[in-house]
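Shown next, in structure tokens, is the structure this report addresses.
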Amino acid sequence: MLEALGNIGDFVGGLAVIATLVYLALQVRQNSQLLRNAAQQSTTAASHVTHGLAAQSPENAAVFHRGLIDLDTLSPEEQTHFYLLIMNVFMQMDYAYQSHKAGALSGEQWETQWIGVKWYLTRPGVRAWWQRRGRTVVGLSSGLAHLIDDEVAKHPEVAV
């Protein structure tokens, strides 16, 4: 009789372990989806903030516009201004890249961000910024820097 109760207890304990594992698996899946959603929202919000900085004032917009075309037309102060604006763009792109590598941002979402990077790299001023300062941005991941270098090498000439 005690042996039968022990066997029933083992069986019930085994079922409890299986139920717990199923519950934990569902929670991990739900949390993973929440993390992916948060990464997507953060990436989108950061992109809006970045573009909002350029649109924040006529001065920012003018420096950003002229900087995209030709860095050398900017005064030293304006170049610093442009560097900070464009650095913000690339730091946001790096966040998206890191989120994608960690599995928090889908391939489709990363591809959307990468299209943005490639567009910026077609601007002569951004290309000049990348060659002069972009690689030295503190905190920019080497993985994204290599992707950018590869993209620049594929298209050495940019249209004005």
Side-chain angles (χ1 to χ4, degrees), residues 21-160:
L21 290 175
V22 168
Y23 173 78
L24 290 174
L26 291 172
Q27 289 300 310
V28 166
R29 184 175 179 186
Q30 183 180 12
N31 287 343
S32 295
Q33 184 60 46
L34 289 173
L35 287 173
R36 282 191 292 277
N37 291 346
Q40 181 181 3
Q41 288 174 341
S42 292
T43 300
T44 301
S47 179
H48 291 158
V49 167
T50 297
H51 293 107
L53 288 172
Q56 187 174 31
S57 69
E59 179 188 11
N60 280 4
V63 167
F64 194 71
H65 175 74
R66 288 192 350 258
L68 289 174
I69 297 167
D70 185 359
L71 278 182
D72 295 327
T73 63
L74 301 176
S75 71
E77 294 81 14
E78 290 173 327
Q79 283 186 14
T80 298
H81 193 155
F82 179 78
Y83 286 175
L84 293 172
L85 289 169
I86 204 66
M87 184 177 73
N88 198 5
V89 169
F90 278 76
M91 292 303 292
Q92 180 268 321
M93 297 298 182
D94 191 56
Y95 172 79
Y97 173 77
Q98 294 292 345
S99 295
H100 172 63
K101 294 307 266 182
L105 200 64
S106 74
E108 182 180 345
Q109 293 162 337
W110 163 244
E111 187 58 32
T112 300
Q113 296 298 312
W114 181 239
I115 289 168
V117 171
K118 291 192 296 187
W119 181 86
Y120 275 106
L121 292 173
T122 65
R123 308 294 98 185
V126 174
R127 183 69 68 98
W129 169 81
W130 179 253
Q131 299 296 338
R132 295 175 193 175
R133 306 278 182 168
R135 286 189 191 90
T136 63
V137 171
V138 175
L140 192 66
S141 68
S142 62
L144 181 62
H146 289 306
L147 284 176
I148 292 170
D149 283 337
D150 290 346
E151 185 66 23
V152 167
K154 279 192 252 178
H155 308 285
E157 299 296 322
V158 293
V160 178

Between [X] and [Y], which heavy-atom pair has the shortest distance, and what is it?
X	Y	answer
Q79	D72	NE2-CA, 4.1 Å
S141	D94	OG-OD1, 2.5 Å
N60	H81	OD1-NE2, 2.5 Å
L140	F90	CD1-O, 3.7 Å
R66	L74	NH2-CD2, 3.4 Å
V63	E78	CG1-O, 3.5 Å

- request: Begin from the C-alpha positions of I86 and R133 and carry the test side-chain contact (heavy atoms from CB on, under 4.5 Å) through to its verdict.
  value: CA-CA 11 Å; I86 204 66; R133 306 278 182 168; over 6 Å; no
Between [atom1] on residue [X] and [atom2] on residue [Y], distance to nearest 0.5 Å:
X	Y	atom1	atom2	value
L84	M91	CG	CE	12.0 Å
Y83	L85	OH	CG	12.5 Å
Q113	E111	CD	CD	10.5 Å

- Can you check whether L121's main-chain N or O pairs, donor with acceptor, with R127's side chain at less than 3.5 Å?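 The answer is yes, because a donor-acceptor pair under 3.5 Å joins these two groups.
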Should V89 and M93 be marked as a side-chain contact (heavy atoms from CB on, under 4.5 Å) after you check the CA-CA gap, both sets of side-chain angles, and the distance that decides it? CA-CA 6 Å; V89 169; M93 297 298 182; 4.3 Å; yes
- Message: For H155, I'd like to know if atom NE2 has over 12 heavy atoms of other residues, nucleotides or ligands within 6.0 Å.
- Response: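 Counting other residues, nucleotides and ligands, NE2 of H155 exceeds 12 neighbours.
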Checklist line | Heavy atoms from other residues, nucleotides or ligands near NZ of K101 exceed 12 (cutoff 6.0 Å) | finding: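 No, not enclosed.
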| Should the pair F82 and F64 be assigned to parallel (<30°), tilted (30 to 60°) or perpendicular (>60°) ring geometry? |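 If you compare the ring of F82 with that of F64, the planes turn out tilted.
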If you apply the rule side-chain contact (heavy atoms from CB on, under 4.5 Å), what do you find for L147 with W114, and how did you get there? CA-CA 10 Å; L147 284 176; W114 181 239; 3.8 Å; yes
Could you check whether any side-chain heavy atom of Y120 comes within less than 4.5 Å of a side-chain heavy atom of L68, counting everything from C-beta outward?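 Contact flag for Y120/L68 side chains = yes.
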Any side-chain heavy atom of R123 sitting closer than 4.5 Å to one from W129?
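No - every pair of side-chain heavy atoms lies 4.5 Å or more apart.
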